[in-house]
Novice: 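Take this structure first; my questions come after.
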Amino acid sequence: MGHYQPLLPDLILAMGATFILLLGPLRDSQNLRDFLRWISLGLVAATAATLVWVNHGMATPYPLVGEGWLTTAPLHTAFAVVFLATIAWTILASTVPDEDAGEWYSMLLFLGTGMIILARAANLAAVFLGLEVLSISLYILIAFRYSKRSSLRGGIMYLLLAGFASGFLLFGMALIYAVFGTLQIAEIRTLALATDMGPMAKVGFGLLLVGVGFKLAAVPFHMWTPEVYESSPGTVTGLIASSSKGAMLAAFIPFLFLLETHWSIIWLFAALSMVGGNLLGLREIRVKRILAYSSIAHIGYVLTGYLAGDTLSANAAFLPSITGVNAVFFYVVAYAASILGAFAALGYIQGERDLTLRDLRGVGRRNPVLAFCLLIFVWSLAGLPPAVGFFGKIYLFSAAINAGYFWLPLIGLLGSAIGIYYYLRIIVHLFMMPADASDPKVHASTLQEWVMLGSAVAVIALGLFPETIFSFLRAF
Amino acid sequence: MAQNILFYLAAVMAVATTSMVVITRNAVYAVLYLIMSLFAVALVFLSLNAPFLALVEIIVYAGAIMVLFLFVVMMLNLQGQRGDEATKRPTRRQMIVPGALALLLLILIVVSLSAGTPAATNAALSDPKLLGELLFTKHYLGVKLSGIILLIGTIGGLHIGRGGSIPSTMEKPIDDVTH
Amino acid sequence: MTLPINEALILSCILFSIGVLGVVVRRNIIYVLMCIEIMMNAAGLAFVAASARHGSLDGQAFFLFVLPVAAAEVAIGLAIALLIFQRYKTLDLWVVARTKEA
Amino acid sequence: MFYNNGLPALWLIPALPALGALIIFIFASRMPARAAGIIACSAISLSFLWVLNVGTTLVLGNHHHFVEHHWNWIAAGPFQGSASFYFDLVTFAFTFVVAGVGLLIHLYSYSYMKGDAGERRYFGYFNLFAAAMLVLVTAENAFFMFLGWEGVGACSFFLIGHWYQKSENTVAATKAFLVTRLGDIFLLIGLFLTATLVGVSFSQQSAWTQVATSSFIPGFGGLTGPQLILITGICFLLGAAGKSAQVPLQVWLPDAMAGPTPVSALIHAATMVTAGVYLIARFHILFALSPNLMLAVAIVGVLTAFYGATSAFVQTDIKRILAYSTISQIGYMFLGLGVGAWSLAVFHFFTHAFYKALLFMAAGTVIHSLHNEQNIYNMGGLRTKLKGTYLAFLAGAASLAGIPFITAGFYSKDAILWNTLSTKWGSPVIYGIAMLTALMTAIYSFRLIFVVFHGTPRKDIHVHLPDRLLTWPLYILAFFAIVAGFLNLPIVFGVTPIWEHSFARVFGEWQAEPLIHSHAVEWMALLGSGVLALGGAGIAWLLYSPAKAPMPEPAGDIATVENNTPAPYKAVWANFLFHGWKMDGFYNKTFVRGFRITSGVIAWIDRVFVDGIFEAIQAIVRGFHALVIFFQNGRVSRYAMVMLFGAVAIITILLIGSQR
């Protein structure tokens, strides 16, 4: 048992997902949904608790578990717990018809399994398999409403392009393995830093970055975002934008040694994403697409922080006690808190067609609670104080400045100034436009309204006490 | 030597059949070409001293996955009749840019391969038993995850496949999702 | 006796490029799925070749992990493709992209 | 809780209006519309009383400042942004105006907004705005201040767009927010630099002197101290220019008049736009350490003052005239800051808040009484019908024009002008432009009086009389607009300037001392600006008095004005041409045409460069969008091709990079 103990969280989650699937037909369908929802919530909580428990008191330097497949480093564990929290949030905020409840919740749990594996991956195979568990669950969740044509279209587009990208990723891994002869990222790191990397390794890492860039939706691998975001269920869109990207970000941390040689690629990713994402959103009128483009810009900001790496700069000027990866962690939490709520809220408003800005008119009057929450989320995404998104940007950019990057934070600041425009348009249409003849339809249960309100309060509270997130990180 | 001849034969066959997959109009032929390509790759595996993988390639890839393709293609009757948009071959003009890009990619990778390749070793590891031991000791987590992936694939196929039996007029609401 | 390791790697590159080309130029969902399979298979071949180069079995094990992934992707992809054929009456991705609807 | 160590708690000052806003927003749907106004007024009046309490404790106890610490907001190395409050004389001046004038405007709004559909929302944001502004001026460190800074921006956005049913109002609100955001980015950069160089707390300001003497600061790529000071200062200046509508970021303020008139009075006259003045006054040590920086502030100030005055000169919309005059007057404040007369800039802010709020609210009364008529050439003859409003407006306009000896505006503006001439950071050229601007200010102020209130009504309209709440705040403000000046009588009168004397404790050695000590010169300057003001009023009388006739104005709807002009008036117009031909020709050539040409040039620059830049940005966005949409066509193969292109590009970059 002791040997397998570190794998307990993953086991609980995966077996729990199977269990829920089996449980589906056993109960009468009236209470089934609520029943399954609370069970899956309990499973996620148990997983998180186990994760914290098994990692507690690990000796430093943090050992690898599962025969070198997973790391127990605190940052990665913290990431995993955050992703579990997003899954729990989604379980609460989404509702499904009774007969689909089993598949829905078990898919969410499988998605969580993929995330916590990917976030803690310590070898190439774990990265690949974690990513695929995550991706394949997402294919199903995106196409979950198979009765809608657009949903099928989004599902197949994501599936084909993600498959294409993982082909690149896989081939890159093969080349890396061909050069270094090992799957362990730590060993690859040692070998790569010890010798001058040959062209083959460079190509390998380049192809790997294609896969990473696709998952993060960084320009130029961002093309799928608008369509897929548009056609997925609101809560799933939130997960794609937040924790699915976040898991990839966490998985990429061990590869940060690439910054030594490959920083220009990351720099380009970041700059293009910030410029492209913000410019693309300006003329869009479909709300989910606006947020999709904004998510591209946000990945640009995150990559800016990544450039700072995981070490502290010797003569840092701004915020010297915060490393790039810690800033990224902060941002992932801040962004997840905001974007999950925003997409879920749009999901509640969404009608049959694509949701446009015009459809938002009058929501402020029809459902002030939801509109207020959406306002807070958008406020935070725009990076305005006192919402938590403001600090996210500050930490990222100051980390980048400390690492000696000057232009990138500047591009980011200017880009976010441009971006304010489309966030403002959402607010304007929510509150400051007279509604059309028909009132918008807003469907949110009491539970969902409370969940939304809770996360809106959290977004503000984390902005007032941003240190909390770092304390959380230090607790691991 | 015999192994090398086997390799080159298989390689030529693999490239030829794989190219045909991209080119051919008839989907059934495409599937069959792909199966041949997989057989050829299996031969390459043999020449690389990996007989177990050669068998797996044929049984799982060609035998199971491709049969799934064949099944669907037959069901949808994608024979590639004239005027069928779906299986239309890409025109030469449409091929220029992607072709150039793909060629560039190929050249870049191959050039980098030949630029700094360390000498190859000759270790022959053909024993499936060793591989089995490795899988269930060092890589047991991978086996577990593979299992999960197959499970998810099954569930997903079942869930989405259910849509086929439901008339498209019957919308199934998921309230945060549809109304 | 030398194993044709470098040659196998180059072969895998060629197969990979063909797969990439196929994804980019074909419009039919089934074909695109098949081309993704070609890419994955090429990567698997590269792993096996690399495995032989280093005399370790990790690459062969990795090939075995690629298989279920390919299988699962195909299963779901074909399931969606069947539904798309039912709803759109076509498997042409361009037509699917063009169609505006609820 | 309300007192710590015997000192009154500072957090109550912003907390009371914030509480008011909270109550209004939470119970909005369950309270009568009028109740929102009552809650808002009570909240702000309590806050005002508390400001008085704190202020008197400060002044009587002879304290330099109070500090009150609550919790750590951000704590990372030198980045110690805490939720703490700070209260010194500058804070007192600002809080007094924000809460005091704010209270009067709240009361005025209570009557003005009666029956408006969004009354609850209006008062909620009004209170929230006051709270944010109070946070801005009572914050102990730059970071906490930034919270208020953004807060007022957000609230002004909602208030400008209050009547959102008209889409141009929403556009104006968005424009205001975006332009000020542009400035905020620079402010943020400045804050980062400050945080790292000296720390964000206002108590640490003196550390700038150490920075100024450093020849190399680690972590800044080898920049020297003075260079860093210059960069930081420019960032602050741009941030302040955005919020305070200074050149080149002034474009948003005239459009922001789209909101209800009390909003214009509160936000765009009395409080928010002066945040830039507050910022620079707070960081006065930083600015004083660099002569170039001071010169930049002074030039921005004087240019803006001139720009505002010329633009105000040719407007016909009463609120736009006042908006441009605000821009111009804040330019004077910046000028004061730029010549090192910190306390006088704050003093001008103080007096300006009274008379500008007064002018806006009086204008609001006029607009209200004439059923939303805003073109001054459709008014006229209101002197008898709106007697009280007329008197109040007269007091305000006189103060704006700087009529000598009896108005507050005279004392505050003249003091700045005198410092421009006499201190080491001043210059005669700037002084000359500022004097010219003062003349123009007097002309357009009295043009307003004569066109709006004198003569006979241009339009046959029913005037409905304002109620008490619409007039009493005006009288109170009129009182202050006259007497506030006596707080700082010039030293040549043989009295101690109370204001400057008290503020010496805050600004101390950094306050610029006059280099010219001759009382005769000072008297001359004093009388000179007085004569200019009176002369300007006289010119306005010649040009616009009903005894003559109005000059035709380049307003878009002059034709309607002409048509609406009663017949006797046309006779007067002909008469006027006959008698006053030479004089008017002279004035027309020298002043009016000259100013019109200047205004035209400025408008052209505005159109070609400022608008041109925005249009260029739009064109870029449009082109980029078209390009991207070409690829974004939903086809998987197209997307895959872009990805393939990206992959090839990445590999190429990596391989080429390796050869380097």
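Chain A is the first sequence line, chain B the second, and so forth, proteins listed ahead of strands; every chain is numbered from 1.
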Novice: Quick one: pull up CG in C/Asn28 and CZ in B/Arg25 and give me the separation to the nearest 0.5 Å.
Specialist: 11.0 Å
Novice: Against chain C, work out which of B/Ile149, B/Leu38, B/Leu53, B/Leu134 has the most heavy-atom pairs shorter than 4.5 Å and name it.
Specialist: B/Leu53
Novice: Heavy-atom cut-off 4.5 Å, strictly under: side chain, backbone, both or neither for B/Phe7 against chain C?
Specialist: side chain
Novice: Under a 4.5 Å heavy-atom cut-off, does chain C meet the side chain of B/Val15, its backbone, both or neither?
Specialist: both
Novice: Which atoms of B/Leu34 are under 4.5 Å from chain C, going by heavy atoms: the side chain, the backbone, both sets, or neither?
Specialist: side chain
Novice: Find the one option among C/Leu93, C/Asn41, C/Leu33 whose heavy-atom pairs under 4.5 Å with chain B are most numerous.
Specialist: C/Asn41
Novice: So for C/Cys13, is it side chain, backbone, both, or neither that comes closer than 4.5 Å to the heavy atoms of chain B?
Specialist: both
Novice: Hey, are the side chains of B/Tyr61 and C/Glu37 touching, using non-hydrogen atoms and a 4.5 Å cut-off?
Specialist: yes
Novice: In Å, rounded to the nearest 0.5 Å, how long is the span from OG of C/Ser56 to CG of B/Leu130?
Specialist: 12.0 Å
Novice: Indicate yes or no: at least one non-hydrogen side-chain atom of B/Met95 is less than 4.5 angstrom from one of C/Leu21.
Specialist: yes
Novice: Are the side chains of B/Met66 and C/Val74 in touch, meaning some heavy atoms are under 4.5 Å apart?
Specialist: no
Novice: For C/Asp58 versus B/Lys138, what's the shortest heavy-atom pair and its separation?
Specialist: OD2-NZ, 3.1 Å
Novice: Do you know which of B/Val31, B/Ile152, B/Thr154, B/Leu101 has the most heavy-atom pairs under 4.5 Å to chain C?
Specialist: B/Val31
Novice: What pair of heavy atoms forms the shortest contact from C/Gly22 to B/Val22, and how long is it?
Specialist: CA-CG1, 3.8 Å
Novice: Do B/Val41 and C/Leu15 have side-chain heavy atoms sitting under 4.5 Å apart?
Specialist: yes
Novice: How long is the span from the CD1 atom in B/Ile65 to the CE atom in C/Met34, to the nearest 0.5 Å?
Specialist: 13.0 Å
Novice: Determine the minimum heavy-atom distance between B/Leu150 and C/Ala71, stating which atoms define it.
Specialist: CD2-CB, 4.2 Å
Novice: By a 4.5 Å heavy-atom criterion (distance strictly below it), what part of B/Leu145 contacts chain C: side chain, backbone, both, or neither?
Specialist: neither
Novice: Would you call C/Val48 and B/Val44 a side-chain contact if the rule is heavy atoms closer than 4.5 Å?
Specialist: no
Novice: Rounded to the nearest 0.5 Å, how far does CD of B/Glu57 lie from CG of C/Leu45?
Specialist: 8.5 Å
Novice: Below 4.5 Å, heavy-atom pairs only: which of C/Ala75, C/Ala61, C/Ala42 has the largest tally toward chain B?
Specialist: C/Ala61
Novice: Can you measure from CG (C/Leu78) to CD1 (B/Ile160) and round to the nearest 0.5 angstrom?
Specialist: 11.5 Å
Novice: Side chain from CB out, backbone as N, CA, C, O: work out which of these in C/Ile29 comes under 4.5 Å of a heavy atom of chain B, or both, or neither.
Specialist: neither
Novice: Taking side chain as C-beta onward, heavy atoms only, is B/Leu76 less than 4.5 Å from C/Leu82?
Specialist: yes
Novice: Most heavy-atom pairs under 4.5 angstrom with chain C, which of B/Leu135, B/Leu131, B/Val56, B/Val21?
Specialist: B/Leu131
Novice: Below 4.5 Å from any heavy atom of chain B, which atoms of C/Phe16 appear? Answer side chain, backbone, both or neither.
Specialist: side chain
Novice: Is chain B contacted by the side chain of C/Ile80, its backbone, both, or neither, given a heavy-atom distance below 4.5 Å?
Specialist: both
Novice: Check each atom of C/Glu73 against the heavy atoms of chain B and say whether the ones under 4.5 Å are side chain, backbone, both or neither.
Specialist: neither
Novice: Quick check for you: to the nearest 0.5 Å, what is the distance between B/Ser146 atom OG and C/Leu67 atom CG?
Specialist: 9.0 Å
Novice: Side-chain contact test, heavy atoms from C-beta onward, threshold under 4.5 Å: evaluate it for B/His139 versus C/Leu64 and give yes or no.
Specialist: no
Novice: Which bit of C/Phe65 comes within less than 4.5 Å of chain B, counting heavy atoms only: side chain, backbone, both or neither?
Specialist: both
Novice: Given heavy-atom pairs under 4.5 angstrom as the criterion, report whether the side chain, backbone, both or neither of B/Phe71 touches chain C.
Specialist: neither
Novice: Sort out for me which of B/Gly157, B/Ala30, B/Gly99, B/Ala64 touches chain C most, counting heavy-atom pairs under 4.5 Å.
Specialist: B/Ala30
Novice: Specify the closest pair of heavy atoms between B/Gly161 and C/Ala79, including all atoms of both residues, with the distance to one decimal.
Specialist: N-CB, 4.5 Å
Novice: Show the nearest heavy-atom pair for residues C/Val24 and B/Pro98, with the distance to one decimal.
Specialist: CG1-CB, 3.4 Å
